[in-house]
Amino acid sequence: MTELRALGLAVDLGRRHALTGIDLTIPSGRLTVMVGPNGAGKTTLMRTLAGLLQPARGQVTVAGQPVSHMSAGERARTIAYLPQGGTVAWPLPVAEVIALGRLPHGEKPESLPTEGREAVAAAIRAAGLNGFEDRPATELSGGERARVLLARALATQAPVLLADEPVAALDPRHQLIVLEVLKSEARAGRTVVAIMHDLTLAARFADEIILLNQGLVAASGAPGTVLTEAGLAAHFGIQAHVAHDGGHLIVVADRPTPERGVGGDT
Amino acid sequence: MTRNRRGREPRPLRAGSGAPIRGFRDDSGRWGCYPGRVNIKSFMRASRLPLTLGLVLLIGALSLASLLIGPAPIAPVRALTALVSDQGAATIVVRDIRLPRTILAVLVGWIFGLTGAGLQGLLRNPLADTAVFGAPQAAAFGAVVVLYSGLVGALSWVLPLAAILGALVSVALVVAVAGRQATVVVLVLSGLAVGSLAGAGTSLAISLSPNPFAVTEIVFWLLGSFEDRSIVHVGLASPFILVASLLVLAAATGLRALALGEETARSLGVNVMRLRLLLVAGAAIGTGASVAVAGTIGFVGLVAPHLVRPFVGYDPARTLVPSGLAGAALLTAADCAVRLIPSQTEIKVGVLTAILGVPFFLWVIARRKAELSETPA
């Protein structure tokens with residue numbers, strides 16, 4: 001079990017206290033979705049979990065091992081991180097971009113060993129990118145590029161996969177494709193965490209939801225227990241209707257509550 | 001799935017085609033197991049070897065030509081004999097004049113091509129080059145200051161060190177000002193500003209000089225040339241060029257990951273800070289050493305990577321060595337050309353590379369105008 005844990009995590013960004021005391025246990029084999037208003041600290045938390053930000057206090061552990069004690073390579077093999085709105089700088093072929101996910105294993109794209117080749121092929125299949133292998137990654141649509149970058153993260157075959165807004169700016173079809181991939185990776189035994197803003201979609205796919213607000217975990221658990229009308233009013237500052245439709249939760253944001261605005265972006 | 005080369009229509013899942021997503025789950029319940037084969041071998045097959053070999057042969061041929069071309073009328077066979085055995089005056093010409101300039105052209109071209117490819121990879125921008133950073137001007141300023149202070153002669157180790165310091169300050173300044181999210185406009189403008197400042201400093205030093213003959217000499221030196229260089233110059237530049245090459249080549253693997261942005265590169269285990277240091281130091285040391293012995297020669301580093309990408313692809317790591325070789329071939333060819341162009345005095349090679357390089361620079365800008373207007377450097 002590659003459980004991802006945050007213990008008393010506090011992170012300062014400059015003089016701002018972005019996270020103040022986060023305690024989390026994120027189980028493997030489940031898709032955990034992180035939600036929260038802008039500026040709640042979602043990206044900061046994810047970057048800290050990925051070992052890219054040093055916490056002021058507390059620590060992150062994967063399967064009991066502190067991330068801060070890992071070498072850069074070991075960390076990269078343990079945690080795959082998909083940043084928000086990633087780009088590809090050069091018109092590299094799609095398969096080569098995905099093969100970059102093998103770098104933490106010391107495998108170079110032009111000389112992948114069998115294991116690496118299988119991992120890349122599996123990632124291409126998982127993201128439905130067969131036929132795209134030779135296409136320059138810069139000439140793809142936003143949805144296709146998002147799938148390529150996701151496949152790059154999958155190719156590392158790390159036990160932990162962290163994705164920052166993987167479905168932002170995607171059309172509904174690509175949102176579903178990407179979330180199906182993440183869900184399937186979780187089913188395969190990985191620890192998968194994704195940040196999302198679409199609460200209905202989050203409720204539909206998440207096994208667990210973490211609601212973050214003002215640098216703290218405001219609520220966590222099954223979608224039905226976290227996404228309540230009272231909770232949304234308190235933490236998102238919205239009046240919302242939460243409906244149940246054949247086992248699915250539907251969240252319709254109605255209007256902002258008058259007394260409270262939403263904080264700045266991270 | 002049939003092999004899909006570039007240009008051929010890819011089969012499943014085109015955006016907007018409305019094609020159903022096939023193979024949602026396989027027997028184990030895993031999603032996304034698309035039937036059909038995956039082709040990932042095509043980019044693995046692409047080998048650098050033929051290009052590298054071809055470039056090495058080309059450099060060999062051009063170096064040979066460089067030993068045979070010159071104002072002294074020496075027959076090719078005699079020139080080659082003079083290189084290996086004592087043939088009196090011919091040996092002096094070939095060994096002491098033509099050989100050092102050939103070696104310098106190859107070395108300087110190599111390091112410019114290499115650092116150009118490295119900087120383009122670092123800034124994820126095909127317009128990056130030490131010349132765009134104003135590094136040659138800054139290096140020249142460093143060297144001129146040392147020369148005019150009268151403390152050391154033109155063959156001292158202080159000269160390349162001062163030039164390296166100048167280049168280091170300029171490249172570091174531009175990278176710092178342009179930053180990680182800077183647009184191309186910011187990048188080029190900062191380079192322009194730094195270059196102008198260094199140019200002004202050089203002009204000031206020249207205008208304050210009490211000796212008009214020294215001024216002429218320095219002005220010509222600034223134009224960039226391999227004329228009348230000795231083996232001492234080779235000895236002065238080569239250790240620095242070796243160090244610079246090692247620094248840039250050490251950054252190769254990190255540059256691959258950087259194609260996906262800094263955050264992703266870091267998550268892949270790359271130390272981005274170290275990568276930046278390696279490339280900035282490599283570029284500055286290479287440029288400084290080159291300028292110290294050959295004056296300002298620009299645009300080789302800009303052009304060389306573009307020449308090799310059609311053959312080796314866009315992976316910054318695999319562009320490095322071929323780009324360095326292309327740079328060496330380019331500069332050796334240019335140095336042969338200046339000796340062949342009929343004129344009263346020899347045309348400076350720095351002038352030639354600028355005359356050819358600037359239109360190329362403009363062409364790259366024109367071709368990539370649309371994307372350059374939005375993408376961060």
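Proteins get letters first, then strands, A, B, ... in listed order; numbering begins at 1 in each.
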| message | Check this for me: Gln65(A), atom CD, are more than 12 non-hydrogen atoms of other residues, nucleotides or ligands nearer than 6.0 Å? | response | yes

| note | CG of Leu260(B) to CH2 of Trp90(A), rounded to nearest 0.5 Å, is 13.0 Å

| request: Give a yes or no on this: more than 12 heavy atoms of other residues, nucleotides or ligands lie within 6.0 Å of atom NZ of Lys183(A). | output: yes

| query | Which atoms of Leu149(A) come close to chain B, meaning under 4.5 Å heavy atom to heavy atom: side chain ones, backbone ones, both, or neither? | reply | side chain

| field | Side chain / backbone / both / neither for Arg77(A) at chain B, heavy atoms under 4.5 Å | value | neither

| message | Within this structure, what is the OG1-CZ distance for the pair Thr87(A) and Arg124(B), rounded to the nearest 0.5 Å? | response | 6.5 Å

| message | Assess the residue pair Gln84(A) and Glu263(B) against the criterion (side chain to side chain contact (heavy atoms under 4.5 Å, CB included)); give the C-alpha distance rounded to whole Å, side-chain angles, the decisive distance to 0.1 Å, and a yes or no. | response | CA-CA 9 Å; Gln84(A) 193 179 340; Glu263(B) 281 283 281; over 6 Å; no

| Once you round to the nearest 0.5 Å, how far does OG1 of Thr264(B) lie from CG of Leu103(A)? | 11.5 Å

| remark: Most contact-rich option vs chain A, by heavy-atom pairs under 4.5 angstrom, among Ala317(B), Gly313(B), Gly269(B), Gly121(B), is Gly269(B)

| Candidate pair Ser267(B) and Leu52(A), rule side chain to side chain contact (heavy atoms under 4.5 Å, CB included), full reasoning | CA-CA 7 Å; Ser267(B) 80; Leu52(A) 300 178; 4.3 Å; yes

| Lys/Arg-Asp/Glu bridge criterion (N-O < 4.0 Å) met for Arg256(B), Glu110(A) | yes

| note | dist Leu268(B):CG -> Arg102(A):CZ (nearest 0.5 Å) comes out at 11.5 Å

